[in-house]
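When a ligand or atom number is given, it counts from 1 through the structure's own listing order.
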Amino acid sequence: MKKILLFASGAGSNVENIIQYFKNNDSISIVGIFTNNLHAKVLDIAKYHNVFSFVFNREELNEGFVLEKINKLQPDLIVLAGFLWKMPDVIVHQYPNKIINIHPALLPKYGGKGMYGMKVHQTILENKEKETGITIHYVNEHYDEGEFIFQQNINIEDCQSPEEIAVKVQALEHEHFPKTIERLLDY
Ligand code: GAR
């Protein structure tokens, strides 16, 4: 059995989608949802689907406690699905090429610290970009700079608001993120 550990900070539509996708899979399971946000909707999702959840603060993330928790679960893949804090080096180094992130734009454009969620879509709209997309990439020591695993672009010339862009990007995320995870675990 291959084990996925999810990290998320917010609404958790990707978490929900990933759980649904692997629900009836006999060889891949979700072993936990870790969050920095006590009020994150992902906690309700975890409870609903009977998945183990864990809430941590910044100190616990950066000073080894979260790493201990991860090690106990022995995940094959750590998936950041809307996780907005930086993964500390101590965790990145223990899990080389085993932590992946999804970013709601075509990196290397519109990435880096402070670029997440709606802020990305707002900036893309202001810059009158004709297209945007998603990037799934390995996590290294620097924000949004790890090796790319998958990218998909989409035309946004008909979008008038960041919310409209978000809807298109989210659809791409939901279509491609679970499939990419499955492909990575199929070794
Ligand atoms: C997703 O669009 C994801 O790409 C983005 O946060 C959203 C979370 O949505 N991640 C980042 O911006 C990371 N820099 P969700 O909580 O509904 O899955």
Side-chain angles (χ1 to χ4, degrees), residues 4-23 30 32-49 51 53-56 58 61 77-89 91-92 99-127 129 131-154 156 159 161-182 184:
I4 299 170
L5 175 59
L6 298 166
F7 274 67
S9 301
S13 74
N14 279 284
V15 163
E16 172 82 43
N17 182 55
I18 291 165
I19 292 174
Q20 293 288 359
Y21 186 87
F22 291 109
K23 186 163 70 176
I30 314 295
I33 300 173
F34 283 22
T35 183
N36 59 301
N37 180 0
L38 188 58
H39 307 290
K41 207 168 153 248
V42 282
L43 288 171
D44 299 331
I45 296 171
K47 203 167 168 190
Y48 181 80
H49 290 283
V51 177
S53 64
F54 170 61
V55 184
F56 56 84
R58 207 178 279 275
L61 177 66
L77 197 65
I78 297 171
V79 174
L80 313 189
F83 181 59
L84 302 182
W85 284 1
K86 187 174 180 298
M87 257 309 170
D89 292 356
I91 296 178
V92 172
I99 310 176
I100 67 169
N101 178 48
I102 190 157
H103 187 78
L106 295 169
L107 291 173
K109 287 176 92 175
Y110 304 107
K113 198 168 189 305
M115 269 300 194
Y116 58 85
M118 268 316 166
K119 282 187 202 170
V120 177
H121 306 315
Q122 178 71 47
T123 312
I124 285 170
L125 188 74
E126 281 164 13
N127 289 354
E129 293 282 1
E131 62 165 27
T132 184
I134 61 168
T135 305
I136 299 168
H137 64 93
Y138 287 109
V139 171
N140 68 10
E141 297 87 342
H142 308 286
Y143 263 116
D144 299 330
E145 287 185 19
E147 186 191 335
F148 295 172
I149 300 162
F150 177 88
Q151 283 193 308
Q152 178 70 57
N153 60 335
I154 191 155
I156 49 165
C159 292
S161 68
E163 288 76 16
E164 284 174 59
I165 298 177
V167 167
K168 283 197 171 192
V169 169
Q170 200 171 57
L172 279 187
E173 294 188 331
H174 292 178
E175 184 185 350
H176 295 288
F177 204 15
K179 284 185 201 160
T180 304
I181 292 168
E182 190 171 33
L184 287 173

| Between the side chains of Gln20 and Lys23, is a donor N or O closer than 3.5 angstrom to an acceptor N or O? | yes
Considering the heavy atoms of [X], write down every atom of ligand 1 situated less than 4.0 Å from one of them.
X	result
Gly117	12 (O)
Ala11	16 (O), 17 (O)
His103	4 (O), 14 (N)
Gln170	17 (O)
Glu173	1 (C), 2 (O), 3 (C), 4 (O)
Met115	14 (N)

Purely on distance, is any nitrogen or oxygen of [X] under 3.5 Å from one on ligand 1?
X	value
Ser13	yes
Gly10	no
Asp144	no

Residue and atom name of the nearest protein heavy atom (relative to [atom]), distance in Å to one decimal:
atom	answer
atom 16 (O) of ligand 1	Gly12 N, 2.7 Å
atom 9 (O) of ligand 1	Asn14 ND2, 4.0 Å
atom 8 (C) of ligand 1	Gly82 CA, 3.7 Å
atom 10 (N) of ligand 1	Ile102 O, 3.6 Å

Does a side-chain heavy-atom distance below 4.5 Å link [X] with [Y]?
X	Y	value
His49	Glu16	yes
Ile134	Phe150	yes
Pro178	Asn17	yes
Glu131	Leu106	yes
Phe7	Thr35	no
Leu6	Ile18	yes

| field | Residue pair Leu84 / Ser9: nearest heavy atoms and the distance that separates them | value |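 Where Leu84 meets Ser9 most closely, the heavy atoms are N-OG, 2.9 Å.
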| field | Tyr110 to His103 - nearest heavy-atom pair and separation | value |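 Looks like O-NE2, 2.7 Å.
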| said: For atom 5 (C) of ligand 1, tell me which residue out of Ala40, Ala166, Pro104, Ala105 has the closest non-hydrogen atom. | reply: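 Looking at heavy atoms only, the winner is Pro104.
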